[in-house]
Structures are given as structure tokens and as C-alpha cells.
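Presented below is the structure to which this report refers.
Starting from 1, each residue takes its place in the sequence as its number. For the numbers below, each heavy atom of this structure counts, side chains included, while hydrogens, waters and symmetry mates do not.
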Amino acid sequence: MVHSAYDSFQLLTDCPTKIDAIESYGSKLLLGCSDGSLRIYVSDSSGADRSPPSDPHALRKEPYALERTVAGFSKKPLISMEVLESRELLLSLSESIAFHRLPNLETIAVITKAKGANVYSWDDRRGFLCFARQKRVCIFRHDGGRGFVEVKDFGVPDTVKSMSWCGENICLGIRKEYMILNATNGALSEVFSSGKIAPPLVVALPSGELILGKENIGVFVDQNGKLLQADRICWSEAPAVVVIQKPYAIALFPRRVEIRSLRVPYPLIQTIVLPGARRLTKSNNAIVVALEKSVYGLFPVPLGAQIVQLTASGNFEEALALCKLLPPEDASLRAAKEGSIHIRYAHYLFDNGCYEEAMEHFLASQVDITYVLSLYQSIVLPKTTAVPEPEKLVDLSLDAPQLSRGSSGMSDDLETFLPQLAESDENSALEFKKMSHNTLMALIKFLQKKRYSIVEKAAAEGTEEVVLDAVGDSFTSSRFKKSNKGRGNVPINSAAREMAAILDTALLQALLLTGQSSAAVELLKGLNYCDAKICEEILHKGHHYAALLELYRSNSMHREALTLLHQLVEESKSNQLQAEPIQKFSPEAIIEYLKPLCGTDPMLVLEFSMLVLESCPTQTIELFLSGNIPADLVNSYLKQHAPNMQGRYLELMLAMNENGISGNLQNEMVQIYLSEVLEWYSELSAQQIWDEKAYSPTRKKLLSALESISGYSPEALLKRLPPDALFEERASLLGKMNQHELALSLYVHK
């Protein structure tokens with residue numbers, strides 16, 4: 001027995017005559033006896049301790065006493081009877097079918113054509129009665145009051161043993177076959193055989209579908225006789241009667257009553273031993289079982305108590321199914337019970353290696369993510385968060401001290417977490433590694449499913465904060481402690497962003513621990529709330545530099561990112577001759593990183609562009625141009641920090657944007673050329689090998705610049721020229737000053 005779904009209680013005993021039929025009417029019991037009498041019993045409420053009934057129309061769990069006897073109710077023993085509550089009628093089948101008005105039992109109709117009928121079925125919605133006698137099936141309609149009108153009369157192949165309405169049709173159990181009778185035209189269609197031993201049994205479900213008995217198996221079919229599913233109810237033997245009281249199917253056997261769940265795979269819930277059980281029917285609130293001269297009531301155990309039993313015994317699926325049957329007014333109770341069961345079920349599944357299924361139940365329980373994360377002692381969470389302890393923790397570290405939550409150091413390689421094992425324990429290590437990987441994969445799916453709503457709340461909270469700041473709500477905006485690191489530090493009172501930080505920090509670690517580095521990078525590229533300090537240490541120790549760069553970028557830690565990038569570029573240069581493949585970083589990566597920063601932090605761009613200006617001059621100048629960094633600012637910075645590149649910058653500026661370079665910068669470029677030429681001249685003069693006709697590359701640039709550009713000051717340049725050399729430069733400058741005679745004189749004489 002799985003649990004107690006029903007409590008058995010003896011309602012009456014020592015009935016003077018054998019009970020042939022039984023029914024309930026409100027809180028009363030109606031017994032059709034073998035002597036043709038109808039005996040009516042009521043609850044024995046004479047005791048002083050009897051409380052008033054909570055429902056006057058329900059059977060009471062207390063002894064019943066005879067109220068009255070209607071002698072000669074039927075000439076022959078009753079085969080069956082049924083209370084039609086909606087019409088306040090009692091339908092009885094004996095030598096014919098009779099209808100009596102309730103509660104006074106006045107006879108209102110006797111269908112004489114039903115003489116010899118052995119089985120019937122009542123359609124309460126339409127007021128249609130069908131019954132079978134010999135090889136005929138007749139249909140009557142209740143037209144209100146005392147009238148019953150014959151509608152149809154059809155012939156069938158053999159005696160009908162069981163029947164039930166199914167929509168507009170009638171399902172018949174004829175001899176060893178099931179058939180569907182079209183109630184309009186009498187057409188018969190075969191369904192399947194009922195078996196060789198047990199008689200056919202047709203059971204109507206509340207949904208309008210049917211269960212058809214085939215020996216000890218119950219087969220589900222629709223109203224047209226088509227199979228609904230592959231699963232079957234399997235009873236211990238062929239039942240005599242089956243009634244449905246959701247969520248259970250209750251079957252009668254000679255010595256017992258079996259109760260099975262209506263949920264696949266239809267497990268046996270409870271067996272109640274009642275030797276000599278003969279009749280079984282359903283009342284408003286209970287199941288009534290008649291023995292030869294006594295009656296038992298099977299009263300449902302309250303759903304809450306059943307749920308507790310099932311949960312305690314580990315039947316979580318059944319417990320959750322019962323939760324859904326709790327009445328709407330108990331919505332909060334239902335949610336609490338479901339949440340508790342999902343959590344316990346999740347722990348059970350987790351402990352038994354069903355990690356993904358466990359996470360599905362954690363999701364369904366709406367439990368806080370920190371509760372689930374406390375199962376993973378290898379995951380480091382932000383230290384400011386108070387993490388609740390679950391009922392039972394599963395420590396993946398196998399007591400490895402480096403895995404404690406207090407430690408902030410981790411590695412991306414799962415093998416790092418394996419304790420030192422002897423060679424004989426290699427299989428254990430592999431099994432542990434596999435288990436760890438599976439648990440982390442399940443965690444990733446759990447966090448990804450929770451992430452959308454949590455990040456959405458965090459983003460909305462951030463948007464609200466920005467709006468409030470924009471309208472000058474000083475009180476509200478002062479609630480948050482701002483940080484200059486973007487999302488890296490969470491405002492003190494930001495509950496949503498704190499939860500988002502926990503989730504993303506844990507998700508990043510799980511991705512790394514399962515070798516999903518590319519997925520970790522993608523996480524960091526989008527909107528994320530990873531804790532900068534924890535993740536920085538983890539990524540750095542695991543050498544996940546691409547992910548670390550994205551972490552820095554998403555937290556506006558650009559100086560740290562560029563410093564790391566420069567280090568990686570230098571290491572890539574020194575590792576070019578190594579045979580093993582490692583991730584390479586080129587100087588262009590620094591330029592790409594700097595591009596978005598030109599408009600927000602030009603000084604940082606200038607500072608780190610110096611690292612690549614010499615190796616990538618063209619790309620760097622393009623960076624300055626595309627980023628609209630003022631040329632005067634760039635020139636000034638180069639003059640101070642990279643004077644050897646100042647001329648190159650100005651040359652490229654002039655070549656790429658001739659009209660965009662100011663007169664001041666043109667003069668600066670010419671002065672640089674002149675300084676280099678004068679230095680060259682001094683060296684050659686000191687060696688007494690100066691030749692006026694010698695042209696170095698820089699001197700050629702100087703002469704070309706003097707002729708082609710006009711933004712410089714010729715007077716200032718002229719003062720710097722030596723009196724006895726560089727006559728061509730002097731002549732060019734004199735020409736710019738409109739002193740053409742002197743210029744021509746130099747060309748002629750010098």
C-alpha cells in the first residue's frame with residue numbers, strides 16, 4: 001500500500017435481510033433487500049457528543065440506524081438503483097424499471113417495456129434512459145413531470161451484459177465483444193473483444209471517455225471506441241464493478257476493494273479487505289460497499305493528509321498531482337505544499353544522480369537561486385550575500401579545502417578540484433569528475449532558465465534609477481551608492497541587481513568549469529552583472545584572457561583591460577617561436593579596443609595608443625582621425641611622450657587629410673624636419689664631410705614641405721639656418737617671404 005486514500009468505517013450491521021442493491025440519498029442510505037423491501041437508514045445522531053453535520057447532503061462517518069422500511073417496494077429483488085439528484089428521482093431496476101419521487105417515494109412512472117431488462121444507463125444531461133432486454137436496446141426520454149417517451153428501439157446480436165452512454169452513442173458489452181451503438185440510426189461498430197473469462201464491463205469517465213474491461217485490464221477508449229493511449233489499468237483480477245472518484249478508480253472484488261490512481265502508470269494506492277463484498281456505489285463524499293447484511297463507508301482521507309503521507313514515503317509525483325486537486329480557496333496552501341514537495345523531490349533526485357530533473361523541480365518550486373547554489377560548494381558567490389542552507393548539502397569537493405565558499409581562488413579545470421588519489425582510485429576520480437560535470441551542466445540549465453526574469457528586473461531597476469536621477473529626485477537617487485566601475489559594484493539597496501550578480505557570477509564559473517569558455521565570453525559580451533572582483537581572479541588564474549577582457553570592458557575597467565592586452569601582445573611576440581598553440585594577441589587588438597573610447601576618454605586612448613603607434617602607425621593615425629580626437633591634443637601628447645613619432649604622425653595626418661591640418665601643426669612638422677636636418681648637418685660638419693649637394697631623406701621631406709605647404713613661419717625658420725650651409729632651404733624661405741632677388745642670388749652663386 002502506497003498510502004491511505006480512504007478510511008473504512010462500518011456504517012451498519014445486522015441488516016435483517018440480504019442486501020441486493022445500495023444507494024445514497026443525501027446523508028441517507030437506501031438498501032434494496034432480497035425480500036423486495038426498501039430499507040432507509042439515517043445516521044444515529046442520538047448521542048450527546050454528536051456534532052451538527054458540516055454537509056447535510058453527505059454521508060456521515062458514524063453508525064447508521066433504520067429510519068423506516070418500505071415493504072413491497074418491488075415484487076422481485078432489486079438488481080440496481082440510482083438516485084437522479086438533479087430530478088429528485090429514484091430509478092430502480094427489478095422486474096422492470098420504475099421511477100419514484102424523492103423523498104416520499106411516490107411512484108411516478110413504470111416503464112413496462114423494460115420488463116425483463118437486465119442493465120440500463122442514464123444520461124442525466126439530456127434525461128435519456130437506455131436499457132437492454134433480451135436482444136433489444138430501447139431508448140426513452142424524460143419529458144418532465146411523470147412522462148417518459150420512447151425514442152428508439154434497436155435490435156442487437158446478443159444479450160447485453162454492460163452498457164453506458166458515451167456522448168450521443170451507447171457503448172455495449174455484448175457477450176464477449178464491445179460495440180458502439182449509434183443512438184440515431186442503430187448502426188453497430190465493433191471495438192474489440194472483452195476476453196474469454198470475465199464478462200464485459202463498461203465504465204464511464206467524467207470526461208465522457210470510457211474504460212473497457214478486458215479480463216483484469218482496463219482499456220481507455222474515446223466516445224467512438226478508439227484507443228486513447230498505450231497505457232492500461234492492470235487490476236489484480238477482473239473486477240465486478242468499477243467506480244470513479246477523482247483522482248482514483250475504485251474496483252470491487254469478492255473479498256476486497258482496490259484503489260488505483262488515475263495517473264499513468266495507474267499504481268495501486270490502497271487495498272481494503274472486506275470479505276463478502278457484493279455491491280459498490282459512489283455517494284457525494286464517499287464510496288459505499290455493501291456486504292450481505294452490513295454496509296461500509298470508504299471516506300476519503302483529507303487531501304492535505306494524503307499529500308503528507310505521499311511526500312514522507314517519497315511518492316512525490318503522486319503528491320504533486322493531489323496538490324492540484326486542492327480547492328481554489330486554498331490557493332496559498334496549494335502553492336506552499338507544491339513548493340515544499342518540489343524542493344524535497346529535487347533533493348531526492350539530486351542525491352540519486354538525476355541532476356537535470358532535480359533542477360526542473362527546483363525551478364517549479366520557485367526557490368531562491370541561492371538555495372540551489374548552496375548545493376555547489378565549489379561556486380564562489382559575492383561575499384555580501386547571505387546564502388541560506390538547504391535541508392541537505394551535496395559537497396562536490398569531497399572535503400577538498402580549496403573548494404570552500406570562503407575561498408576566492410578557483411581554476412577552470414575540473415581536474416584541479418579532484419583530491420589527490422592513488423593510482424588504484426583512478427576509476428573513482430573519473431566517476432567523480434563525470435558526476436561533477438553533470439551536476440554543473442544541470443546547474444547551467446537551471447541558471448539560464450532563471451536568468452531572463454532576474455536580469456530583466458535588474459535592468460528595469462537600473463533604468464528606474466537613471467530616470468529618477470535625470471528628473472532630479474535627490475532623495476531616491478541618493479539611496480544608491482554609485483561606483484565608477486559601471487556594473488562591477490552593485491548599489492547597496494539593489495535587491496534585483498544583487499540577485500543578478502549572484503546568478504551571473506555562478507553561471508560564469510559553471511561555464512568555465514565545464515569547458516565552455518566561448519559561452520563564458522558570450523555571457524560577458526552581453527548585459528551581465530558578474531561580480532568583477534571574484535570573476536577577475538577566477539578568469540586570471542584560469543588564463544581565460546578573452547573572457548577577462550570582456551569582464552573588464554563590461555565593467556568599464558578599461559585601463560585594466562588595456563594593460564592586460566598590452567601584456568598579452570608582448571607575450572604573443574615572445575611566444576611566436578614556440579611550437580605549442582596558444583592564443584595570439586596582435587597590436588591591432590589594442591586599437592580595436594580603443595576605438596569606442598575615443599569619444600569618452602581620449603586621454604586614455606592617447607596613453608595606450610603610444611604602445612602601438614610605432615608598430616601600427618597607419619592604423620593608429622586612423623584611430624585618431626576616426627575617433628575625432630583633436631589633432632592639436634594628439635600632437636601635444638606625442639611631443640611630450642613620443643617625440644620620435646611626432647613627425648610621422650604629422651606626415652600621415654597631412655597625407656590622409658591635407659586640408660584638416662592646421663597652420664600651427666604644419667609649422668610644427670616643418671620645425672621637426674628642420675631640427676633633424678640641422679642635427680644631420682652638425683654631425684657631418686664636425687667630421688668635415690658636409691656637402692651642400694647631399695640630400696638625406698629628411699632633407700628631401702623638408703624641401704618638399706617648404707614648397708608645398710604654407711602654414712609655417714618662414715622668418716622663424718630662417719633664423720635657425722646656419723649662415724654657410726643649407727642654401728637651398730634659405731632660398732626657398734626667402735621666396736616665401738617675397739625676397740625673390742636674394743633667393744635667385746643664392747641659386748646663382750651658391
Side-chain angles (χ1 to χ4, degrees), residues 369-370 372-385 387 395-398 400-419 433 436-437 439-448 450-451 454-455 483 485-490 497-565 567-568 571 582-583 585:
I369 60 169
T370 54
V372 177
L373 288 171
S374 60
L375 292 169
Y376 293 81
Q377 295 295 287
S378 59
I379 300 293
V380 182
L381 300 181
K383 293 182 179 179
T384 56
T385 304
V387 181
D395 187 352
L396 298 183
S397 66
L398 297 184
Q402 68 268 29
L403 294 184
S404 67
R405 173 149 293 144
S407 170
S408 59
M410 290 180 62
S411 165
D412 66 305
D413 188 357
L414 209 55
E415 293 179 356
T416 305
F417 297 112
L418 292 173
K433 184 176 179 182
S436 301
H437 183 273
T439 58
L440 289 166
M441 289 299 293
L443 176 65
I444 289 169
K445 292 182 179 180
F446 169 79
L447 294 175
Q448 287 173 335
K450 296 283 287 185
R451 189 173 187 271
I454 291 177
V455 170
S483 166
K485 291 284 183 76
R487 295 190 300 272
N489 293 308
V490 180
R497 278 180 281 184
E498 180 175 314
M499 192 59 65
I502 293 171
L503 188 151
D504 278 352
T505 303
L507 178 57
L508 179 71
Q509 294 174 67
L511 290 170
L512 295 174
L513 287 167
T514 52
Q516 301 181 72
S517 301
S518 58
V521 173
E522 290 304 313
L523 171 67
L524 292 165
K525 281 184 176 180
L527 174 66
N528 72 86
Y529 294 85
C530 291
D531 183 279
K533 183 177 180 181
I534 292 175
C535 295
E536 179 184 22
E537 185 172 356
I538 292 169
L539 292 169
H540 199 279
K541 286 191 174 183
H543 308 293
H544 296 286
Y545 297 122
L548 182 55
L549 288 170
E550 292 300 334
L551 175 73
Y552 286 147
R553 191 200 307 271
S554 66
N555 286 278
S556 300
M557 300 167 67
H558 302 305
R559 180 172 295 279
E560 291 87 344
L562 289 163
T563 301
L564 172 64
L565 203 48
Q567 175 187 337
L568 295 173
E571 289 179 1
I582 58 172
Q583 188 175 6
F585 291 87

Using 0.5 Å steps for rounding, measure from the CG atom of Leu548 to the CD1 atom of Ile538. 11.0 Å
Do the non-hydrogen side-chain atoms of Asn528 and Leu508 ever get within less than 4.5 Å of each other? no
Value for SG (Cys535) from CG (Leu524), rounded to nearest 0.5 Å, stands at 7.0 Å
Roughly how far, to the nearest 0.5 Å, is the CG atom of Asp531 from the CG atom of Leu381? 9.5 Å
Within the 4.5 Å heavy-atom criterion, are Met499 and Leu503 side-chain neighbours or not? no
Rounded to the nearest 0.5 Å, how far does CD of Glu560 lie from CG of Asn555? 9.5 Å
Do you know which two heavy atoms are closest between Phe585 and Leu565, and how far apart they sit? CD2-CD1, 3.8 Å
Ion pair Glu537/Lys541, N-O distance below 4.0 Å: yes
Short question: side chain of Tyr545, backbone of Leu564 - any donor-acceptor pair under 3.5 Å? no
Rounded to the nearest 0.5 Å, how far does CG of Asp504 lie from CG of Leu447? 9.0 Å
Say whether, by atom type as modelled, one donor and one acceptor occur between the side chain of Thr514 and the main chain of Leu511 under 3.5 angstrom. yes
Could you walk me through whether Leu539 and Leu512 pass the side-chain contact (heavy atoms from CB on, under 4.5 Å) check? CA-CA 9 Å; Leu539 292 169; Leu512 295 174; 3.5 Å; yes
Where do Glu550 and Arg553 land on the salt bridge (Lys or Arg N to Asp or Glu O under 4.0 Å) test, with the steps shown first? CA-CA 5 Å; Glu550 292 300 334; Arg553 191 200 307 271; 3.3 Å; yes
Do side-chain atoms of Gln509 reach the backbone of Val380 as a donor and acceptor pair under 3.5 angstrom? yes
Who passes side chain to side chain donor-acceptor pair (under 3.5 Å) against Gln567, sequence neighbours left out? Glu571
Starting at CG of Leu513, measure out to CD1 of Ile379 and round the result to the nearest 0.5 Å. 5.5 Å
Can you list everything that forms a side chain to side chain contact (heavy atoms under 4.5 Å, CB included) with Glu522? Sequence neighbours excluded, please. Lys525
